[in-house]
2 protein chains.
Amino acid sequence: MPFTYEYARPALTVDCVVFGLDDEDLKVLLIQRDLEPFAGRWALPGGFVHVDETIDQAARRELAEETGLTKVFLEQLYTFGGVDRDPRERIVTVAYYALVRLLDHKVQAATDARNAAWFAIDDLPKLAFDHQGIVDAALARLQGKVRYQPIGFELLPPKFSLTQLQRMYEIILDRELDKRNFRKKVLSLEILDELDEVEQDVAHRAARLYRFDERNYRQLAREGFNFEI
Amino acid sequence: MPFTYEYARPALTVDCVVFGLDDEDLKVLLIQRDLEPFAGRWALPGGFVHVDETIDQAARRELAEETGLTKVFLEQLYTFGGVDRDPRERIVTVAYYALVRLLDHKVQAATDARNAAWFAIDDLPKLAFDHQGIVDAALARLQGKVRYQPIGFELLPPKFSLTQLQRMYEIILDRELDKRNFRKKVLSLEILDELDEVEQDVAHRAARLYRFDERNYRQLAREGFNFEI
DNA sequence: CCAAAAGTGTTCTCCATACACCCATGC
DNA sequence: GCATGGGTGTATGGAGAACACTTTTGG
């Protein structure tokens with residue numbers, strides 16, 4: 001049943017920049033478009049906002065439909081409202097960014113009905129629409145936010161070593177950090193539980209594993225903190 | 001000429017939280033609604049986004065139409081997409097916040113055709129829709145941003161004393177600051193031009209006036225800075 | 001025993017903080 | 001001369017930054 005309006009309205013979509021992390025790179029999950037415009041080009045997962053769902057719900061629904069991801073860390077980024085973003089019609093998009101544990105989701109994305117794949121953030125293919133600009137904004141937000149909110153932890157497995165944690169920060173911030181100062185700082189925050197476990201199957205001394213102290217972690221996530229690493 | 005769509009679409013509006021500053025308070029500019037729903041209630045200036053304008057342009061247009069304000073500092077805040085925000089139909093709104101020199105605009109708002117007025121931020125009337133939540137978000141953003149970006153300067157007249165500047169930070173952050181430390185810090189940033197002028201018509205020693213050093217100011221606004229006052 | 005990464009302390013510098021008095025001006 | 005705000009310096013403590021060697025383990 002078609003709807004009629006007095007004036008033309010912009011259409012409203014959501015788009016998600018999904019970040020993942022492996023040993024070497026910060027990666028972004030992209031979907032290959034099968035329809036015009038930009039058929040064959042890679043693009044951010046996303047789609048139209050329905051009238052009976054919030055925009056947050058729309059972002060989660062599209063993420064689940066197009067990539068199979070659920071229960072991820074998801075936060076609104078910025079709303080892009082340029083007049084010529086889409087060649088078909090006027091479309092305003094609310095961009096979100098998500099952080100996921102890449103290893104948990106590597107296979108799933110690749111075997112999805114639609115063509116989905118992870119790309120290193122500094123080696124992306126040419127993207128559809130203005131999606132490169134959205135990715136740039138999301139990266140800037142992530143780099144800024146990681147300094148005063150412990151959100152980056154969403155990118156790691158539940159148990160991790162301090163070296164892994166440091167590596168994550170180095171990859172996101174794109175610079176090297178001093179090992180001793182990093183450990184001193186992160187341990188002083190008291191958001192890590194030291195476990196009685198170590199890495200397995202490594203060809204050198206095994207590193208101790210840590211887990212987030214959920215209580216202090218949530219507390220600190222609310223208050224913000226000064227993580228000037 | 002009415003337009004027809006296959007599926008119902010959310011409508012899209014913009015709303016603006018306009019901050020101003022006087023000697024005592026941080027204030028917000030509100031418009032009294034003359035139509036239902038919420039007729040008679042105070043609300044944020046705003047309105048529908050047209051298909052042929054960007055959302056930034058829509059925000060500036062609505063601000064000009066409803067309050068007469070032009071050329072103000074304006075920045076996107078957040079997009080509010082709750083399903084029941086508006087009792088008539090589904091409306092998603094992109095919220096902006098603006099900073100203006102209150103003294104320049106005091107009269108204009110009051111004499112506008114529609115009923116507009118400034119209210120102290122901690123003494124607002126009951127607002128229409130979810131606008132109180134939008135104001136809360138805007139205040140939180142302003143308080144956070146003022147610490148690492150010199151945006152607050154948009155609230156002051158072109159020439160101002162260090163005491164005025166300190167007063168502005170105290171009002172925004174809602175706490176007292178040490179005079180000597182404040183001056184030391186702000187002068188060390190080298191974004192102020194010391195003028196050969198002083199306040200006029202005060203019943204005590206007249207304070208020296210300063211102006212922003214546009215070059216360094218723009219530079220620092222881009223880079224961000226650490227204003228941990 | 002060798003390769004590889006884990007783990008560990010100290011020094012220095014800088015910046016935020018705390019704090020109190022004299023000065024200039026108008027009335 | 002007094003009331004009002006303008007303007008100034010110093011001492012202390014804490015945190016970030018720089019920096020190198022020993023330990024553990026597997027192969």
Side-chain angles (χ1 to χ4, degrees), chain A residues 22-24 143-144 146-148 150 156-157 159-171 173-211 220 223-229, chain B residues 22-24 144 146-148 150 156-157 159-171 173 175-211 220 223-229:
Chain A
D22 66 13
D23 290 340
E24 288 143 35
Q143 289 179 333
V146 92
R147 288 160 167 274
Y148 60 95
L156 292 179
K159 299 173 182 180
F160 52 88
S161 67
L162 293 183
T163 301
Q164 276 182 288
L165 186 61
Q166 179 177 343
R167 194 87 190 92
M168 181 194 78
Y169 275 95
E170 290 179 333
I171 289 172
L173 297 175
D174 199 23
R175 64 191 173 89
E176 297 200 341
L177 302 173
D178 179 86
K179 184 162 62 163
R180 278 169 295 190
N181 292 338
F182 180 84
R183 285 166 183 243
K184 207 184 317 171
K185 175 76 188 187
V186 80
L187 290 176
S188 75
L189 293 174
E190 299 188 326
I191 52 174
L192 299 185
D193 274 343
E194 186 175 317
L195 302 177
D196 288 327
E197 290 179 66
V198 294
E199 283 179 311
Q200 300 299 318
D201 304 316
V202 288
H204 53 80
R205 176 172 175 180
R208 177 175 292 277
L209 295 180
Y210 291 80
R211 188 175 48 194
L220 214 59
E223 294 173 0
F225 67 141
N226 186 14
F227 206 93
E228 273 301 329
I229 9 182
Chain B
D22 67 13
D23 289 340
E24 288 145 34
V146 91
R147 288 160 166 273
Y148 61 93
L156 293 179
K159 299 174 183 181
F160 51 88
S161 68
L162 293 183
T163 299
Q164 276 182 289
L165 186 61
Q166 179 176 345
R167 194 87 190 91
M168 180 193 79
Y169 275 95
E170 288 179 333
I171 289 172
L173 298 175
R175 65 190 172 90
E176 297 199 340
L177 301 174
D178 180 86
K179 183 161 63 164
R180 278 170 294 188
N181 293 338
F182 179 84
R183 286 166 182 242
K184 207 186 315 171
K185 176 75 187 185
V186 79
L187 291 175
S188 76
L189 293 173
E190 299 188 326
I191 54 175
L192 298 185
D193 274 345
E194 186 174 318
L195 302 178
D196 288 327
E197 292 180 65
V198 294
E199 285 178 312
Q200 300 299 320
D201 303 317
V202 287
H204 52 79
R205 177 175 174 179
R208 178 175 292 276
L209 295 180
Y210 291 81
R211 188 174 50 192
L220 214 59
E223 294 172 0
F225 68 141
N226 185 14
F227 206 94
E228 273 302 328
I229 5 183

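A note on names: the letters A, B, ... follow the listed sequences, proteins ahead of strands, and every chain is numbered from 1. What you see is a predicted model, and the numbers here were worked out from it, not measured in a lab.
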Rounded to whole Å, please give me the gap between [atom1] in [X] and [atom2] in [N].
X: B:Leu177; N: D:dG6; atom1: CG; atom2: C1'; answer: 17 Å
X: B:Phe182; N: D:dG9; atom1: CZ; atom2: C1'; answer: 18 Å
X: A:Glu194; N: C:dT8; atom1: CD; atom2: C1'; answer: 13 Å
X: B:His204; N: D:dG7; atom1: NE2; atom2: P; answer: 10 Å
X: B:Leu187; N: D:dG9; atom1: CG; atom2: C1'; answer: 14 Å
X: B:Gln200; N: C:dG26; atom1: CD; atom2: C1'; answer: 13 Å
X: A:Glu199; N: C:dA5; atom1: CD; atom2: P; answer: 10 Å
X: A:Leu209; N: C:dA6; atom1: CG; atom2: P; answer: 11 Å

To check you understand the geometry: which heavy-atom pair defines the closest contact between [X] and [Y], and what is its length?
X: A:Ser161; Y: A:Leu209; result: N-CD2, 3.8 Å
X: A:Glu199; Y: A:Ala206; result: O-CB, 3.5 Å
X: A:Phe182; Y: A:Leu177; result: CD1-CD1, 4.0 Å

Of A:Ala206 and B:Asn181, the one whose nearest nucleotide on DNA chain D sits closer to the 5' end is B:Asn181
Both B:Arg180 and A:Val202 contact DNA chain D. Taking the nearest nucleotide for each, which residue is further toward the 5' end?
B:Arg180
Taking atom types as they are modelled, is there a donor-acceptor pair under 3.5 Å from the base of D:dT10 to the side chain of B:Lys184?
yes
What I want to check is whether an N or O donor and acceptor connect the side chain of A:Arg183 with the base of C:dA6 at under 3.5 Å.
no
May I ask you to say whether A:Glu194 pairs ionically with A:Arg208, meaning some side-chain N is under 4.0 Å from a carboxylate O?
yes
Tell me whether the side-chain N/O atoms of B:Arg205 come closer than 4.0 Å to OP1 or OP2 in C:dG26.
no
Does C:dA16 have OP1 or OP2 sitting under 4.0 Å from an N or O in the side chain of B:Lys185?
yes
Is it true that a side-chain atom of A:Glu24 and a backbone atom of A:Asp22 form a donor plus acceptor pair closer than 3.5 Å?
no
Categorize B:Ser161 for me: base, sugar-phosphate, or nothing, with a 4.0 angstrom heavy-atom threshold over every strand shown.
nothing
Answer with base, sugar-phosphate or nothing: what part of the nucleic acid does A:Lys179 contact at a heavy-atom distance below 4.0 Å?
base
Would you mind telling me which of C:dA6, D:dG7, C:dG9 lies closest to the side-chain atoms of B:Ala207?
D:dG7
Minimum-distance nucleotide to A:Arg208 side chain [options: C:dG7, D:dG6, C:dC19]:
C:dG7
